[in-house]
Structures are given as C-alpha cells and as structure tokens.
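Throughout, residue positions are numbered sequentially from 1 according to the sequence presented.
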Amino acid sequence: MRWPKRSSNSLPIIPVMSRLNGIEIGKAHQTLTVSVADPEISRYLNIDVGAATVEVVRSIQAKNEDVIYFGHLTYRADSFRLEMDLKK
C-alpha cells in the first residue's frame, strides 16, 4: 500500500497547536489501543463486528493546565499507520 503525501490538514497536532499565538503547550499525552469493533463502530467504519480497530486518545494541555485539545479517534486496523517525530 502506498501512503498519500501529507496535506496541510493532516499535520501532527502539536506542531500546529504550537504555532498558534499565545498558546504555550505544557503537556501532551497519547494512548493507542488495539481493540475490536462493537456494533456501532462496525457500522461507522464499514467493518465486521469483532474486526480489529485502533483507538487513539490524545490530549494537550497549556502550561496553565487548561485542556486545549482532546481527541478520541477510532481507525480500521487494516489501514492504520502511526507516524511521529520523537524529538522536539
């Protein structure tokens, strides 16, 4: 499978958030869980109940500990790729 090049709306969230005026990122956390689709998720993702999924939960806090981003996403496991920069 060939992965498409990144568009401007698919950039990693932390670099995008850090470019916003007046926002200083304090903490960022991400949890990735391999799971299985329940009936609702299987309908949304057009996969069988019990098929593998990948759940990603992300949160970003400002230096003052206000939550400035929260995302809970579920992906089909047959089309998932994790890519991240490991240094700031």
Side-chain angles (χ1 to χ4, degrees):
M1 171 183 275
R2 295 187 75 189
W3 295 95
K5 290 185 177 182
R6 286 188 195 179
S7 65
S8 60
N9 64 352
S10 68
L11 294 172
I13 190 67
I14 291 176
V16 171
M17 297 289 293
S18 65
R19 290 186 205 133
L20 298 175
N21 289 333
I23 294 181
E24 289 186 69
I25 294 175
K27 296 179 188 175
H29 183 79
Q30 175 173 284
T31 302
L32 184 141
T33 306
V34 176
S35 189
V36 295
D38 62 23
E40 182 179 20
I41 292 296
S42 70
R43 281 193 308 276
Y44 287 127
L45 297 180
N46 194 27
I47 57 178
D48 293 333
V49 173
T53 61
V54 177
E55 291 183 54
V56 179
V57 178
R58 287 185 198 110
S59 64
I60 301 174
Q61 292 180 307
K63 291 233 179 201
N64 68 1
E65 297 187 1
D66 286 347
V67 175
I68 56 176
Y69 175 85
F70 179 83
H72 184 177
L73 308 156
T74 303
Y75 300 96
R76 296 171 57 122
D78 64 350
S79 62
F80 180 81
R81 177 176 78 171
L82 177 64
E83 181 178 331
M84 68 180 76
D85 293 325
L86 296 176
K87 65 180 192 173
K88 201 172 187 183

Query - Partner set under side chain to side chain donor-acceptor pair (under 3.5 Å) for Thr31, not counting sequence neighbours - result: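 Scan of Thr31 (side chain to side chain donor-acceptor pair (under 3.5 Å), adjacent residues dropped) gives His29.
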key: side chain to side chain donor-acceptor pair (under 3.5 Å) involving Gln30 - partner list, sequence neighbours excluded   =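 Testing Gln30 for side chain to side chain donor-acceptor pair (under 3.5 Å), a comparison that skips the adjacent residues, returns Arg58.
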Worksheet item: Hey, what else clusters with Phe70 if you join Ile, Leu, Val, Met, Phe, Trp, Tyr whenever side-chain heavy atoms sit under 4.5 Å?
Response: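 Besides Phe70, the cluster holds Val57, Val67.
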Contact summary for Ile25 and Lys63, nearest pair of heavy atoms =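 Nearest pair, atom of Ile25 first, then Lys63: O-CE, 3.7 Å.
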Taking all non-hydrogen atoms of both residues, which atom of Glu55 and which atom of Thr74 are closest, and how far apart?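 Answer, listing the atom of Glu55 first, then Thr74: CG-OG1, 3.8 Å.
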Among residues at least two apart in sequence or on other chains, which ones pass side chain to side chain contact (heavy atoms under 4.5 Å, CB included) with Ala62?
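Per chain and number, Ala62 pairs via side chain to side chain contact (heavy atoms under 4.5 Å, CB included) with Asn64, Ile68.
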Is it possible for you to say whether Val54 and Ile47 belong to one hydrophobic cluster, with membership spreading through side-chain heavy-atom contacts below 4.5 Å?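 No: no chain of side-chain contacts under 4.5 Å links Val54 to Ile47.
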Got a list of side-chain donor-acceptor pairs under 3.5 Å for residues 35-45, not counting sequence neighbours?
residue, atom, partner, partner atom, Å
Asp38, OD1, Glu40, N, 3.1
Asp38, OD1, Ile41, N, 2.8
Ser42, OG, Asp38, O, 3.3
Ser42, OG, Pro39, O, 2.8
Arg43, NH1, Pro39, O, 3.4

**Prompt:** Measuring from Thr53:OG1 to Leu73:CG, what's the distance to the nearest 0.5 Å?
**Reply:**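 Rounded to the nearest 0.5 Å, the OG1-CG separation comes out at 12.0 Å.
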